[in-house]
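Step one of this worksheet: look at the structure below.
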There are 2 protein chains.
Amino acid sequence: MDAIDLRLIDLLRDNARSSYAELARQVGLSAPAVHERVGKLETAGTIRAYRAEVEPETIGLGVTALIGIIEDSGADTDDVLAALRVMPEIESCHFMAGVESYQLTVRVGTIAELEQLIVRINRTPGVASTRTAIALSTKWENRPQPGREVA
Amino acid sequence: MDAIDLRLIDLLRDNARSSYAELARQVGLSAPAVHERVGKLETAGTIRAYRAEVEPETIGLGVTALIGIIEDSGADTDDVLAALRVMPEIESCHFMAGVESYQLTVRVGTIAELEQLIVRINRTPGVASTRTAIALSTKWENRPQPGREVA
DNA sequence: TCAAGCCATGGACGCCATCGACCTGCGCCT
DNA sequence: AGGCGCAGGTCGATGGCGTCCATGGCTTGA
């Protein structure tokens, strides 16, 4: 993981569909060299995936909300997590420090669906209560930040 | 925006580097047809970008936190937003319903950097107070959910 | 019913991904 | 100190792919 790898990562975070030839031009290496470097970054798990980022409204997911989960005292966190994992509406799931053990980002089509999702989460064994905040608008999302050499 | 477009979007959200030929095979069309459809989805703004998803720790961004912002009564929301926008550590920014006007997802290298970021946000004119929660671990992030026909 | 426009098809061409062979610089072992 | 081995690079070739174009069918609207 040197400066060129970081540069490749930044380029791919900006446009994951760049050709190897294009990447090679940008970093001043040959295309096969870039190909090998990117391949190693992929198998090392540094690059997890390449995703198209889509306007959520256009695919019927116009409602975004953040949900905090407070667990029962004595709840099995793994069970709660497993229950959350099978809900496709949960886009992101962070395990947090603080009263609320989990913070979820969820995406649904309508407020009615959000209501159903909240009910389902509240019914999950181990969940004591939830706190939901609805996003009125998304100013930006997943904005890439230049990487740094890890100390 | 028909069923095939949705299918293409789902495929590209799963792997943004699929070749057009591969996409064409999956949806049962010719490569040029797929090329044209994807091009239209891009110019229509449905597909916003193609991004490589990276393990944050490996690029020196091991600390993730969520920050809620409460604005001063009478604060100019646009000014606050403009101030937030120039902070590269803020990965996502949602304008929320509720007491906290903004919910941020931030990514920094160390707790010390997080502290500095919080101070900077609190000093921003229009910001009354903030509430920060640190993510101990990320269970998953940006998990794509199959799109639906928009009603 | 007819016309027009949109979209998929298939072919052609040039670029790109990818493989193999060779080279070079560095670290290590003798 | 010198030689060996390896990691990682360039170069060249080839096969597949992206991309443009002309053609033809289907659907829509008058």
Side-chain angles (χ1 to χ4, degrees), chain A residues 1-62 142 144 146-151, chain B residues 1-62 142 144 146-151:
Chain A
M1 168 66 73
D2 60 0
I4 293 185
D5 281 343
L6 270 179
R7 185 99 176 281
L8 288 173
I9 287 174
D10 283 347
L11 289 168
L12 284 171
R13 288 213 296 171
D14 204 57
N15 178 12
R17 278 182 83 78
S18 314
S19 69
Y20 289 116
E22 179 61 29
L23 295 173
R25 261 173 305 235
Q26 303 261 351
V27 302
L29 290 182
S30 67
V34 169
H35 186 252
E36 189 179 346
R37 276 174 176 266
V38 173
K40 284 183 181 171
L41 288 171
E42 289 169 2
T43 60
T46 301
I47 296 179
R48 280 202 291 239
Y50 301 99
R51 319 218 99 109
E53 193 181 300
V54 172
E55 200 72 38
E57 295 82 20
T58 60
I59 54 169
L61 298 173
N142 296 118
R148 325 140 173 210
E149 301 268 358
V150 57
Chain B
M1 169 65 72
D2 59 1
I4 293 184
D5 281 343
L6 271 180
R7 185 99 176 281
L8 287 172
I9 287 174
D10 284 346
L11 290 169
L12 284 171
R13 288 213 296 170
D14 204 57
N15 178 13
R17 278 182 84 78
S18 316
S19 70
Y20 290 115
E22 179 60 28
L23 296 173
R25 249 163 293 173
Q26 303 262 352
V27 302
L29 290 182
S30 68
V34 169
H35 185 250
E36 190 178 349
R37 277 173 176 267
V38 172
K40 285 184 180 171
L41 288 171
E42 288 169 4
T43 60
T46 301
I47 296 178
R48 280 203 291 239
Y50 301 98
R51 319 219 97 111
E53 194 181 299
V54 172
E55 200 71 36
E57 295 82 19
T58 61
I59 55 170
L61 297 173
N142 296 120
R148 326 142 173 207
E149 301 270 355
V150 54

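In what follows, every chain begins at residue 1, and chains take the letters A, B, ... in the order their sequences are listed.
Within the structure, every pair that satisfies the ring-ring contact (aromatic ring centres under 6.0 Å, His included) test and touches residues 23-57 of chain A, not counting sequence neighbours, is listed here: A:Y20-A:H35.
Spacing between atom CG of B:L23 and atom P of D:dT19 amounts to 12 Å, rounded to whole angstrom units.
Applying the salt bridge (charged side-chain N to carboxylate O under 4.0 Å, His left out) rule to B:E22 yields the partners B:R25; only residues at least two apart in sequence or on another chain are considered. B:R148 meets the side-chain contact (heavy atoms from CB on, under 4.5 Å) test with A:L61, A:E113, B:Q145; sequence neighbours excluded. With sequence neighbours left out, A:N15 forms a side chain to side chain donor-acceptor pair (under 3.5 Å) with no residue at all.
Between the side chain of A:R13 and the main chain of A:P144, no donor-acceptor pair closer than 3.5 Å is present. Remark: the backbone N or O of B:S18 is paired with a side-chain donor or acceptor of A:R17 at under 3.5 angstrom.
Within a heavy-atom distance below 4.0 Å of DNA chain D, no residue of residues 44-54 of chain A is found.
For B:A16 against A:A16, the heavy-atom pair with the smallest separation is CB-CB, 4.4 Å.
A salt bridge does not link B:D2 with B:R7: every distance from a Lys NZ or Arg NE/NH1/NH2 to an Asp or Glu carboxylate oxygen is 4.0 Å or more.
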Spell out protein contact along nucleotides 7-22 of chain C as letters: B when the base is contacted, S when just the sugar-phosphate is, - when no protein heavy atom is under 4.0 Å; keep the 5' to 3' order.
SSBBB----SSBB---

